[in-house]
Amino acid sequence: MSNADTAPDRGRTSEPPSNEPGAVATAAAPEEAAPADHIEVEEQLDFDRDPANTGAHLPMFWRVVVMLFTVAGIVLVLNQVFFWNLGGTNLLTNSFLYFLLAAFLPIVFIIFPIKKMPGGVTARTSVPWYDVVLAVIVLVTTVYYGINGQRIFERGWDYVAPPLATVFAFVLWLLVLETLRRTAGLIVTCIAIAFSLYPVFAAGIPVSFLQGIPFRLDLTAQIHAMGVDSIMGLPLQTAASILVGFLMFGVALQFSGGALFFYDLAMSAFGRYRGGSAKVSVVSSAAMGMMSGSAVSNVLTTGPMTIPAMKRSGFPGKYAAGIEATAATGGTITPPIMGTAAFLMVSFVGVPYGQVALAAAIPALLYYWGIFLQVDAYSAKSGLRGMPKAELPKLGRTVVTGLPYIVALVGLVLLLVVMNNESQAPFWTIGFLLVCMLFMKRFKLTPTSFLNFVYASGKTIAEIIGIIAGVGLIVGGLSMTGVSLSLARELVNLVGDNLALILIAGALTSFVLGMGMTVSAVYVLLAIVMAPALTELGVNPIAAHLFVIYWATVSYITPPVALASFAAANIAGTPAMSTSITAMRLGAVKYIIPFAFAVNPALVAQDSTLMEILVATVSALIGIYFLATSFEGYVTINRRRIGILIRLISAAAGVLLLWPATVSTLTGLGLAVLTILLAQFLGTKGPDVSRPATISAAQTSTERKADA
């Protein structure tokens, strides 16, 4: 889950590929299927060679410093989650958190520059003196607090602190804001500044429900730095106890070749079917998203392979880029790893992470089912056949070679369910993957690759810790003034107990905030304000929190921001805005699903019997089919193009099948049957693409050159 929720400039950049014309739609085969190009795919998916993650541009001294801090932080976490009590000491929670900040916040100042550089993070070849000073100051400050953790707890330093502790409180406040700016961007930092200063001006706010308990500036700083609801609050506690392990697991999975395995698995399973290259993009991006948890970095990782492959198979550039952006965005809500916000749910909802992942499984399935069906319908109506089977990886061989990754993921799920200990589970699977790497050829564990793994883990964890600590200031500002509770009550009063209105308001708020803030920041803010209001109106708590997360992520594909769409458009060489519009249509299901599971908890496996969950899931799967049919204007069952009227009937059928009522379900089924019948008699017959392409990539390339 590296680089989760981060700003786009933190990811790896890629040059847009050349806009070579698409091949003949009915016989296209992607050129990277040829052996020479397959080597390029392996190199692109070789996470171990990425300078942004191995620190190759930094001087050796600073790489060693980062790795030493990382090892110290990881040992600290291991000591806490496995109860080792190294040195015979049992750290209090606040001391543990301070020492964790001491291990990872200095890394932020070493790796992330004070302002964006033309070449991104990888262009940094030295660490300026002022960043060294900031790293030392934050180290001294957090170590001081860590040593005095017991005094802070017993003597109430958050309200009555000695002068030095108060001075350090201001220092930590400012430095945490700076780490947030470097890792998440200026917009979220400005929001954090406003909320963290809010207690100072809470009494003078002219709006009554925004008025809160006022605090002096020095007392505000003390509570932010030493209280249990701000920097040291639930977000950081969750990150320290759970998130660090899963971040490392995502890095280990990529370093051990997991990205290449999932790409090959998708190629072997779906490549030969119609629109195979696009289906490979959907499946491989979903798998990569589970590891990275970041939409933008997901696009930049898989996009350079999947987008050119789709274009050479006959897909228009903006459609190819839209598919990649939409599929990559789903990684943040796909279990078992998901994005940072899902781990924060553990503390806010008060349930084990395994239950959160289980609840997110059905919505994620519906989301990718919708994308997959639209790709299939588009391929069918456009006459896009699959890739030649002879040029695809063998499924059996791919599965056998990928057994370590399959065992790791299955083992992680079993450990979460059986052990019910999300803190320890990822570390066992990390150990398993590292042992497997000792016997690998392509991704063999060597001293160099292990050190690169440690560095990449430190960079990833530091980035997330920097974001989470800064987001904690938002929580602190709302908590200490007591405004968070009044906001939820006012929201309920404002909509007059109307669930539909508050769902729409929550969706719009999440979307707008998601345009300028990270998903985790949006979630933390709305988990305090919006989710309680939804719960008060009868929405299941897990469904309410997932609703916020889903709508916070739609900004990745929705204009005007659409970071994932813009990144994919850059790779495809297509206009950013039209690519975003295409991505919106492909991901349209994501705008509908949150409303469906908000009113039907069976779709998040909550408050329902097994039979109710199965019925709701099957009904939703059928409903998504007819929504996809409407979006693409093509019925794949009887291969018919349909007009606007039948598309509207199909859309109505899809929506009704997602609604949790017997009458709506039966009505939806009736409209679904009507859609098929009208398509059969009034629709236009589409091309036959039941047979895959049989010509080779080399032949296709030769024919294109001859045509030119």
Side-chain angles (χ1 to χ4, degrees), residues 1-5 70 73-84 91 93-94 96-101 103-104 228 231-253 290-294 331-361 408-409 411-431 433 457-458 460-469 471-472 475 518-521 523-524 527 541-542 545-546 549:
M1 195 156 54
S2 62
N3 301 332
D5 296 342
T70 302
I74 292 172
V75 170
L76 181 69
V77 173
L78 290 172
N79 179 64
Q80 199 76 1
V81 301
F82 284 97
F83 311 106
W84 288 348
L91 292 175
T93 299
N94 65 344
F96 164 59
L97 295 177
Y98 284 125
F99 287 134
L100 188 77
L101 293 179
F104 290 109
V228 295
I231 296 174
M232 298 290 114
L234 282 177
L236 186 61
Q237 293 171 27
T238 304
S241 60
I242 301 175
L243 192 53
V244 168
F246 280 90
L247 290 171
M248 286 188 64
F249 173 70
V251 175
L253 201 58
M290 289 192 301
M291 292 186 283
S292 70
S294 169
T332 57
I333 44 89
T334 304
I337 301 178
M338 304 175 66
T340 307
F343 292 91
L344 297 177
M345 274 185 63
V346 172
S347 294
F348 281 103
V349 184
V351 298
Y353 176 71
Q355 190 172 341
V356 173
L358 178 63
L409 286 173
L412 178 63
V413 173
L414 291 177
L415 287 172
L416 287 171
V417 174
V418 176
M419 291 179 58
N420 198 24
N421 190 330
E422 56 266 26
S423 298
Q424 296 181 3
F427 290 107
W428 289 110
T429 51
I430 291 168
L433 283 174
S457 298
T460 300
I461 297 170
E463 192 169 7
I464 298 302
I465 293 295
I467 294 173
I468 294 300
V471 167
V475 181
T518 64
V519 174
S520 55
Y523 170 71
V524 168
I542 291 182
H545 286 258
L546 278 176
I549 292 176

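- What you find for Ser423 and Ile242 is that their closest heavy atoms are OG-CG1, 4.0 Å.
- Under the side chain to side chain contact (heavy atoms under 4.5 Å, CB included) criterion, Gln237 pairs with Leu97, Leu234, sequence neighbours left out.
- Partners of Tyr523 according to the ring-ring contact (aromatic ring centres under 6.0 Å, His included) rule, which considers only residues two or more places apart in sequence or in another chain, are Phe348, His545.
- Within the model, atoms CG of Asn94 and CZ of Phe99 stand 9.5 Å from one another, a figure rounded to the nearest 0.5 Å.
- Among residues two or more places apart in sequence or in another chain, the side chain to side chain contact (heavy atoms under 4.5 Å, CB included) test is passed with Ile74 by Thr70, Leu78, Met248.
- Side-chain contact between Val471 and Leu344 is absent, with no heavy atoms from C-beta onward closer than 4.5 Å.
- Under the 4.5 Å side-chain criterion, counting only non-hydrogen atoms from C-beta, Leu91 is in contact with Leu76.
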Should Leu409 and Phe249 be marked as a side-chain contact (heavy atoms from CB on, under 4.5 Å) after you check the CA-CA gap, both sets of side-chain angles, and the distance that decides it? CA-CA 10 Å; Leu409 286 173; Phe249 173 70; 4.0 Å; yes
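- Heavy-atom minimum distance, Glu422 versus Pro352: OE2-CA, 3.8 Å.
- Between Phe427 and Gly245 the shortest heavy-atom distance is CZ-CA, 3.6 Å.
- Distance check, rounded to the nearest 0.5 Å: OG1 of Thr340 to CD1 of Ile468 gives 6.0 Å.
- Applying the side-chain hydrogen bond (donor to acceptor under 3.5 Å, both in side chains) rule to Ser347 yields the partners Thr238; only residues at least two apart in sequence or on another chain are considered.
- When every heavy atom of Ile467 is checked against every heavy atom of Ser520, the shortest pair comes out as CG2-OG, 3.7 Å.
- Looking at Gln80, its side chain never comes within 3.5 Å of a backbone N or O of Ser241 through a donor-acceptor pair.
- For the pair Met345/Ile549, a side-chain contact is recorded, criterion being any heavy-atom separation below 4.5 Å from C-beta on.
- When every heavy atom of Leu100 is checked against every heavy atom of Ala240, the shortest pair comes out as CD2-CB, 3.4 Å.
- Between atom CG of residue Leu236 and atom CD1 of residue Ile465 there is a gap of 5.5 Å, rounded to the nearest 0.5 Å.
- For Tyr98, the ring-ring contact (aromatic ring centres under 6.0 Å, His included) partners are Tyr145, not counting sequence neighbours.
- Between Val356 and Ala342, the closest heavy-atom pair is CG1-O, 3.9 Å.
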Hey, can you pull the donor-acceptor pairs under 3.5 Å for the side chains in residues 412-419, sequence neighbours left out?
none

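- A distance of 10.0 Å separates CG of Leu101 from CZ of Phe96, quoted to the nearest 0.5 Å.
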